[in-house]
Amino acid sequence: MSLVVDNAESGYDRAPILSGVSLRVEPGELVAVVGSNGAGKTTLVKTIVGQLALRAGDLADDDGSFAKLSSHRRAKRGVVMVPEGRKLFPRLTVGENIALGRRAAGKRAGGEDPVDALLDAFPIVRERWGQQANLLSGGEQQMVALTRAVAARPRYLLLDEPSLGLSPLKTLDVFRLIELIRERTGAGILLVEQMADQALAAADRAYVLEHGRIVMEGDAAKLRSSDEVRRAYLGVS
Amino acid sequence: MSTVEKDPTRAGRRRAGPGAADRGTHVRSALRRDVLFAVAALAIAIIVILPGRNGEGTSISTMQLVASMAAMTVAAVGLNLLVGYTKLVSLGQGGFYAIGAYGSAYLALDKGWHPVLAILGALALCGIVGAVTAMASMRLRGPQFSVITLVMAVLVERILNEGNAFGRLAGYPNFAQHGTTVTEPITFLGTTFTPPMIAGEVATVMVPIVVITALVVILSRNIARSPWGASLSAIGESEMLASHLGVHVFRRKVAVFVLASVLGGLGGVMATQAFSHLQPETFDIFLTITIVLAVVFGGSGTVLGPVVGAVAIVWLEQSDILVEASQWQQDTISESWFLSTSGLVGVLFLLTLFLMPRGIVGTAGAVVAARLHRRDAAEADGAGGLDETSEELVEDLTHVVHEKPAPGSLLTLTDMGKRFGGLQAVAGLDLSVDRGQIHAVIGPNGAGKSTLANLVTGVYKPSSGQVTFAGNDLTGQAPHSVSRAGIARTFQTPQLFHDATVRDNVLAGFADTGRTPLWAAALKPPSRYRRDAEMRVESDRLLALVGLEDVPDVRASELPYGKQRALEIARALAGGPELIVLDEPAAGLLATETSGLGDLLMSLRDQGYALVVVEHHMDLVSRIADQVTCMDQGRLLARGTPQEVLSDERVIAAYLGKPLDEHGHAVETDDGTTTTPAGPGSTSPSPSLSNGGDPS
Amino acid sequence: MKIWSSPSRSAIKLAALATTASLVLAACGGGSDDEASGKADADGIITVKLGVVGPKTGPASLYYEYMAQDFEAFSDDFEEQYGVKFDVVSEDDQASPEETARAVSKLINEEGVHAILGPPLSGNALQVADTVQRSGVPWLLAGPNADEIINYETQPNWAFQTNFTNQQIMSILGERLWADDAKVGIVFSGDGFGQSNLDQLKLWAEANGHELTVEETIQPGAADANAIVKRLEDAGVESVFMGITQGADTATVTRSMEQAGYAPATVMTTGTILTNYKDVAEPSQWENIQIVDPRNFLEGGDKWVLDQVQEATGDAPAIPTNNISTYAMLDIYAQAVKEVGDASDKEAVRQAIEDIKTVHIGPDLTIESPFSADDHKLYTDDPATWFTYGFDEDFNLVNLGTAAECLESGC
Amino acid sequence: MEAVVIGLVLGGLYALLAQSFVLTFITTRTLNFAVGEFVALGAFAAIAVSSWSWLPTPGKVAVGFLAAAVVGALVYRFLVLPFTTQGEHDVRWLLSTVAVSFVMLNLITNVEGPSPQRSDTARISGTVDILGAGVGKQQLVLAGLAVVISLLLIVVTQRTSVGLMMRAVSQDPDTASLMGVSPRAVGAASYFVAMGLAGLAGVLYAATVGASPVMGETLLVASIAVAIVGGLGSLWGPLLGGALYGVLSQVASYQWGAIWGETAGLLLVIVVLVAKPEGLLGRRMEVKL
């Protein structure tokens with residue numbers, strides 16, 4: 001019962017970016033992936049959701065391997081990504097964006113709707129319900145993007161650089177929202193962040209990616225305090 | 001004349017030194033390649049018409065074929081400038097071909113012009129129609145552009161079909177109007193240029209046809225590989241980017257369209273000279289499509305692509321191979337389900353798209369390039385880039401003569417305002433930046449920071465206020481004027497030429513891209529060779545400056561993100577700016593890279609550059625900025641040194657959420673706990689996350 | 001029952017025809033050059049290397065079909081009758097003028113053909129008119145109707161035309177159209193044939209003191225002709241001539257006439273209506289249409305030719321008028337070659353054509369001495385030798401009398 | 001007035017084909033330049049089954065629709081989709097659809113012969129009088145169909161979840177696939193419907209002008225023009241564009257002669273594009289830095 005990446009290899013064009021990457025995310029767990037730019041973090045999540053082809057290795061969730069499925073089928077299985085830069089549908093309303101998320105939920109829908117909890121916690125999304133998504137500020141868009149992903153009832157949620165381009169204040173909000181999502185959905189969350197410090201602070205476990213390989217893994221708090229990590233990825237000497 | 005040259009002190013000094021020897025080598029090798037190409041092109045041109053030198057009847061259809069190929073080649077070379085480089089898929093080239101063909105015949109026969117003048121007149125007409133079409137379609141891209149050019153071609157065809165002056169479907173010339181159905185061969189300088197028509201007559205017109213074709217290929221190669229050509233690729237990539245590189249996009253687009261139109265017309269002129277009679281049926285919609293096919297089939301965006309494509313298509317359409325293939329299908333597959341010539345051309349074309357997506361020449365070239373650069377690509381994934389430049393950079397800069405910043409403010413914004421519909425994005429903002437100063441602009445999302453950057457660089461025209469730069473009023477100037485005045489910029493997401501090499505990206509940054517005149521690009525005078533070599537040496541220096549010296553031949557898209565940022569800064573420097581506007585340069589960078597970026601920016605400041613940095617990374621801001629402006633809702637919220645601004649209560653309330661220390665680190669969280677402070681002088685990503693239960 | 005006037009709807013049949021025709025051509029063509037020496041062999045058979053140019057492929061391929069049909073149907077006849085065998089070297093002009101130019105120079109200069117048949121489309125013929133007439137190769141024009149193709153200023157002239165020309169048809173039709181000083185309008189197709197029709201009609205009108213009230217173009221494949229018909233009607237046109245290449249486009253015009261309830265007293269067109277019109281039109285739309293043609297489609301040699309084509313190929317004549325004129329052309333050329341005895345003596349053959357005494361169309365139709373030095377057209381413009389036809393319910397031709405009779409008493 | 005009525009009716013035919021351009025453009029950012037051949041394909045498919053007496057007319061019309069629709073979906077999957085992978089500057093699809101047009105036109109011509117063939121499927125003879133203008137019933141049906149189908153498409157996209165998927169794919173196919181929507185399936189479906197519409201138009205149009213391989217080719221430029229005038233991004237566009245183009249070209253034909261009809265239509269395209277590059281109802285695409 002977990003999201004498993006086993007010995008994955010993938011990349012763009014000719015050059016492989018990921019090689020032999022293995023990791024796991026348990027339900028209800030927040031796992032961070034940190035690493036320098038170009039280390040392959042975004043490549044990793046794009047490979048998991050099928051936006052990049054897996055060249056070797058395997059991907060599996062609770063129902064077994066999904067490595068051969070196309071991107072939209074993975075979403076329907078509950079492997080849901082919030083892409084870098086939010087990627088809301090700019091000319092759909094906030095409500096329609098979230099409705100699209102609900103569509104992907106399919107059979108997993110039912111029971112208590114975690115979306116309601118998010119909307120209660122961040123009423124701004126509800127206030128903007130009928131507005132076109134491109135009229136929202138960056139922070140609001142990220143809220144909607146996260147809500148939309150939650151509406152899809154993810155079993156595993158992949159977040160690609162959720163703080164990118166946000167002001168410090170909004171970044172705090174986003175991390176609060178992520179915490180809330182973890183509480184309410186029980187989904188396993190894989191968080192890819194350039195802000196390694198925050199990511200490690202929020203996560204249970206973490207992996208460190210370097211040149212497309214996992215070079216360290218373990219308890220997030222321990223990694224955060226490890227000198228090696230601090231020096232290499234937190235810019236602390 | 002480039003900005004670099006306009007400012008001899010700085011530019012001249014920078015270029016002095018170790019580059020001189022390299023320059024000589026570059027000039028010599030470039031000259032050797034160009035001469036070889038020209039000789040080869042002319043030789044091939046002459047060889048193909050040798051069979052017709054005695055005027056043997058058996059060579060006539062061959063000469064006609066060669067003439068068709070030449071005409072198609074010239075038209076395709078012209079179209080390639082649009083389709084291949086500027087990325088404008090014009091379906092109107094057939095229309096210009098027709099104007100050239102009919103225009104030259106009409107001016108000579110009906111208007112009595114000297115045939116040579118008539119040809120020039122027809123080409124001028126093509127240019128004028130091209131300019132008008134270009135101006136009309138200036139805002140169009142994609143299918144809309146294709147359709148408007150197609151409409152133009154259809155209208156031309158319609159005029160030829162219906163215009164009495166052109167003989168309509170009786171052809172031109174015709175008995176009723178001219179008493180003959182053939183145009184007179186041109187006699188010029190005592191030579192008569194006979195078309196390939198009658199056995200026994202030497203088809204002398206073939207000589208100018210193939211020689212001119214060869215010249216067109218040679219000149220178009222020069223153009224494609226010049227800064228002028230680079231500006232076309234820049235427009236193809238993004239018109240906004242091109243204008244930031246100092247390219248007057250409007251003029252350049254009109255110019256390239258005119259050039260393409262004239263070449264299309266020249267193709268038509270050749271057809272007239274070779275076939276001596278014009279029928280409007282020749283100039284139907286299939287002609288225009290065939291020219292496009294020729295470009296893509298051969299390889300759009302390559303020098304030889306349109307040549308190979310044109311020759312191949314003309315040859316295929318008349319060769320027996322397709323007829324035999326069609327017969328074979330009928331014999332072996334089905335007597336009714338078979339394809340004949342046009343269908344087979346379609347199939348061939350689809351196969352090309354599948355198997356050789358860049359056309360014959362492009363795909364062959366890519367295979368060769370892949371072999372050559374495999375090593376480099378591997379290196380691109382390795383170390384290097386911003387995070388490792390800091391040390392070298394300082395060394396590198398020590399031998400750059402530091403210039404005393406001239407006193408006074410370089411950039412001054414007065415009462416800047418910008419309104420979008422009902423939204424006041426920027427209001428009443430003043431800002432001034434001195435030489436040798438870094439001015440950071442911070443603020444919440446939607447505060448108007450990017451709008452401000454766009455106002456400074458000319459993307460937006462201000463609704464109110466004034467921009468003064470180095471004593472000149474730049475208010476409302478277009479991006480290319482702003483760029484030429486000495487303001488460069490980088491973008492939130494790096495805007496690079498993804499298919500071009502790292503070096504070519506930097507080369508595009510030189511002011512030459514916007515300023516090289518077309519004639520100099522085409523004719524390549526000695527000064528051009530020298531300048532090319534200079535630019536190359538300078539680009540190598542700039543690449544070294546940002547830590548990309550090991551990967552000059554790697555495609556930009558293959559670079560990791562951080563290095564793309566570095567490359568973009570190198571390109572901005574190439575233009576020889578005095579002020580650089582950086583829009584969130586640290587976005588997406590890791591802490592170590594951000595730190596390297598800080599070093600780079602500070603060293604630029606030390607060289608006398610003024611920098612405006614729009615940024616969210618408070619550690620970076622607090623480390624490098626001399627002055628910080630915090631904006632909120634389009635207005636000035638606070639201004640001062642980093643310490644002053646970051647501790648300003650309004651800034652904290654509107655933006656930061658909590659106070660930061662002098663290094664941009666969170667001091668206190670909203671619930672009162674304190675995060676682990678980083679060591680003094682260190683940089684750590686900011687601000688730290690705080691949440692109530694955090695054990696650290 | 002004129003079965004040949006209703007081209008078969010069976011696609012398979014047509015395609016089969018295309019194949020057989022090309023096989024026949026392949027069998028005839030591709031022969032060794034020695035065989036096609038142009039001189040009589042041991043059996044007294046003269047093999048003529050005949051260059052045939054036409055749109056073998058593409059939408060205009062009907063204009064190649066009719067030539068192929070005639071070779072299939074009549075090759076043996078000519079061999080039997082005159083001892084002349086056609087070794088056909090065919091080139092596809094793809095209906096493109098430039099391609100035609102290349103094809104023609106290839107045939108003349110590389111293949112060294114004894115004569116050239118085609119191209120059938122006026123525009124392509126005009127493209128090469130000068131080249132062929134200067135080349136000294138007999139040019140057999142059984143298709144194009146444009147008058148401008150033959151340039152009598154080039155003497156001796158090498159081109160011979162066995163279809164009627166547009167100038168001829170106008171001199172037949174002019175008086176009929178303007179009978180009782182009616183207002184006359186023309187609808188012509190936006191192609192070489194249509195424009196030539198317009199030009200000739202205007203020339204005739206000018207020469208005879210009449211005025212053309214309305215001239216309207218219909219683009220090939222146009223979706224409707226409502227505006228055209230409206231303009232005819234509004235101008236009070238009582239007499240309409242349709243000079244339209246495609247029968248289907250003619251149908252578009254008559255359909256719009258019916259829609260608008262516009263019924264001019266006289267509606268005339270040409271034999272082009274025999275191709276493609278019926279399949280698209282309704283009987284009520286062709287009620288009033290008449291055509292004139294120098295050929296008698298209903299009996300005698302002309303009909304025999306069409307019947308033979310139908311019988312031999314199993315399909316309708318592709319362009320009935322051109323099937324007949326091709327037969328006439330081949331008869332003329334074969335006779336001339338027989339007379340000279342050597343097809344490669346082109347000047348002698350040319351002269352023999354010019355001097356020809358009797359042209360045969362089928363077993364029982366002859367035309368006497370049609371040519372002279374400055375008349376290379378088979379048909380004359382004597383209304384007494386032209387026929388006027390109408391159509392019955394099933395689109396069968398009905399002979400309404402000669403053009404002269406109809407002019408006199410109305411038809 | 002007569003010109004206006006007939007122009008509106010005629011515009012319906014163009015609008016129907018323009019709708020097929022708009023439909024594929026909205027979801028896949030591609031235009032099928034082989035639409036003309038799908039018109040012919042639909043017409044010939046209906047002729048092929050015209051002798052099946054057990055199949056009622058609507059069934060035969062459906063065969064025309066389905067034949068074009070299925071081939072359309074296949075063409076999308078194998079000959080359009082592979083040529084759209086390089087971002088917005090990628091116009092290889094334009095070339096591949098032109099190639100498809102060459103192949104289909106040639107094949108249909110070889111199989112069916114170049115001559116028009118009579119088509120009696122869904123043939124409605126006769127004329128009705130509308131405001132003094134005689135209008136062919138067949139053309140009226142085509143025009144009515146264009147309106148009904150356009151409205152249907154608009155309702156579907158605005159009100160149903162299928163439409164929501166379509167709009168999502170049209171705005172951002174990659175992200176749509178993250179929401180469990182398959183852009184390929186949506187693309188194939190819209191090619192299915194769009195080419196089906198072309199086939200349907202072919203069946204009905206062939207009943208008046210006969211089925212011939214080139215029957216759609218002559219409609220191509222006009223219907224692209226209509227789609228562009230209305231705006232490629234708007235399903236309302238074809239109706240407005242069709243009406244404008246139809247009326248303008250008819251009025252010009254009435255006033256100055258038929259030759260000016262199409263010319264006026266083409267000039268309209270130029271004027272609209274120059275003034276409003278995105279079409280009358282199109283939405284401006286913004287370039288973000």
Side-chain angles (χ1 to χ4, degrees), chain B residues 56-65 67-68 71 158 161-162 167-177 179-182 195-199 271 274-284 286-287 314 317-318 320 322-323 326-327 330-331 334-343, chain C residues 11-12 14-16 18-20 22-23 26 56-58 61 91-92 94-112 121-131 133-136 146-151 153 190-196 198-199 203 217 219:
Chain B
E56 280 161 22
T58 49
S59 70
I60 290 180
S61 64
T62 310
M63 289 304 101
Q64 288 174 329
L65 186 64
S68 291
R158 177 56 51 80
N161 269 325
E162 304 295 334
R168 306 199 296 183
L169 287 136
Y172 192 93
N174 55 60
F175 286 126
Q177 288 169 307
T180 175
T181 59
V182 288
M197 250 175 82
I198 305 295
F275 291 95
S276 297
H277 177 85
L278 301 168
Q279 282 292 139
E281 293 97 323
T282 306
F283 306 93
D284 61 5
F286 286 102
L287 171 69
V314 173
E317 284 190 339
Q318 63 82 51
D320 290 336
L322 295 185
V323 176
S326 163
Q327 189 59 50
Q330 293 173 58
D331 294 346
S334 160
E335 291 181 347
S336 51
W337 291 85
F338 65 93
L339 293 173
S340 33
T341 306
S342 66
Chain C
I12 314 291
L14 194 66
T19 319
T20 0
S22 57
L23 286 179
K56 279 176 158 178
T57 54
S61 55
E91 284 285 330
D92 186 358
Q94 296 169 32
S96 139
E98 212 170 288
E99 210 56 58
T100 306
R102 208 142 50 220
V104 163
S105 28
K106 199 168 161 193
L107 289 174
I108 294 174
N109 299 305
E110 286 169 47
E111 298 288 349
L121 298 174
S122 293
N124 297 338
L126 286 163
Q127 173 78 41
V128 295
D130 207 72
T131 317
Q133 287 174 68
R134 280 210 253 158
S135 66
D147 295 86
E148 300 86 352
I149 298 170
I150 305 180
N151 181 7
E153 283 169 24
D191 54 21
F193 175 76
Q195 286 189 356
S196 173
L198 171 71
D199 293 343
L203 280 178
T217 321
Q219 289 302 314

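First the proteins, then the strands, lettered A, B, ... as listed; each starts at 1.
Remark: side-chain polar atoms of C:Asp92 are paired, donor with acceptor, to backbone N or O of C:Lys56 under 3.5 angstrom. Side-chain atoms of B:Gln279 come within 3.5 Å of backbone atoms of B:Leu169 as a donor-acceptor pair (strictly under, hydrogens ignored). A distance-only check finds no donor-acceptor pair linking the side chain of B:His277 to the backbone of B:Val182 [under 3.5 Å]. Looking at B:Asp320, its side chain never comes within 3.5 Å of a backbone N or O of B:Val323 through a donor-acceptor pair. Judged by distance alone, the side chain of C:Asn124 and the main-chain N or O of C:Leu121 form no donor-acceptor pair under 3.5 Å.
Heavy atoms closer than 4.5 Å to chain B are found nowhere in C:Thr100, neither backbone nor side chain. For B:Asp284, no part sits under 4.5 Å from any heavy atom of chain C, backbone or side chain. In this structure, chain C has heavy atoms under 4.5 Å from both the backbone and the side chain of B:Leu65. B:Leu287 does not touch chain C: none of its heavy atoms, backbone or side chain, sits under 4.5 Å away. Using a 4.5 Å cut-off between heavy atoms, C:Glu99 contacts chain B through its side chain alone, with no backbone atom that close. For a residue to count as touching a neighbouring chain, one of its non-hydrogen atoms must lie under 4.5 Å from one of that chain's; by this rule C:Asp147 does not touch chain B. Heavy-atom distances place no part of C:Ser96 under 4.5 Å from chain B, backbone and side chain included. With a threshold of 4.5 angstrom between heavy atoms, C:Gln94 approaches chain B through side-chain atoms but not through N, CA, C or O. In this structure, chain B has no heavy atom under 4.5 Å from any part of C:Leu107. For chain B, the nearby part of C:Ile149 is the backbone; its heavy atoms alone come within less than 4.5 Å. No part of B:Ser326 comes within reach of chain C, as not one of its non-hydrogen atoms sits under 4.5 angstrom from that chain. Heavy atoms closer than 4.5 Å to chain C are found nowhere in B:Ser342, neither backbone nor side chain.
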Could you go through the side-chain contact (heavy atoms from CB on, under 4.5 Å) check for B:Thr62 and C:Glu110 one step at a time?
CA-CA 10 Å; B:Thr62 310; C:Glu110 286 169 47; 4.2 Å; yes
Starting from the C-alpha separation in whole Å, work towards a yes-or-no answer on side-chain contact (heavy atoms from CB on, under 4.5 Å) for C:Asn151 and C:Gln133.
CA-CA 8 Å; C:Asn151 181 7; C:Gln133 287 174 68; 3.7 Å; yes
From CA spacing to verdict: side-chain contact (heavy atoms from CB on, under 4.5 Å), C:Gln127, B:Glu281:
CA-CA 10 Å; C:Gln127 173 78 41; B:Glu281 293 97 323; over 6 Å; no
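When each of B:Ser68, B:Ala199, B:Gly343 is scored by its heavy-atom pairs under 4.5 Å with chain C, the top score falls to B:Ser68. Among C:Ala101, C:Pro97, C:Gly192, the residue with the largest count of heavy-atom pairs under 4.5 Å with chain B is C:Pro97. Highest contact tally toward chain B, considering only C:Glu98, C:Glu148, C:Glu153, is held by C:Glu98 [criterion: heavy-atom pairs under 4.5 Å].
The CG atom of B:Asn161 sits 9.0 Å away from the CG atom of C:Asp191 when rounded to the nearest 0.5 Å.
Here C:Glu91 pairs with C:Lys106 in a salt bridge; the nearest charged N to carboxylate O distance falls below 4.0 Å.
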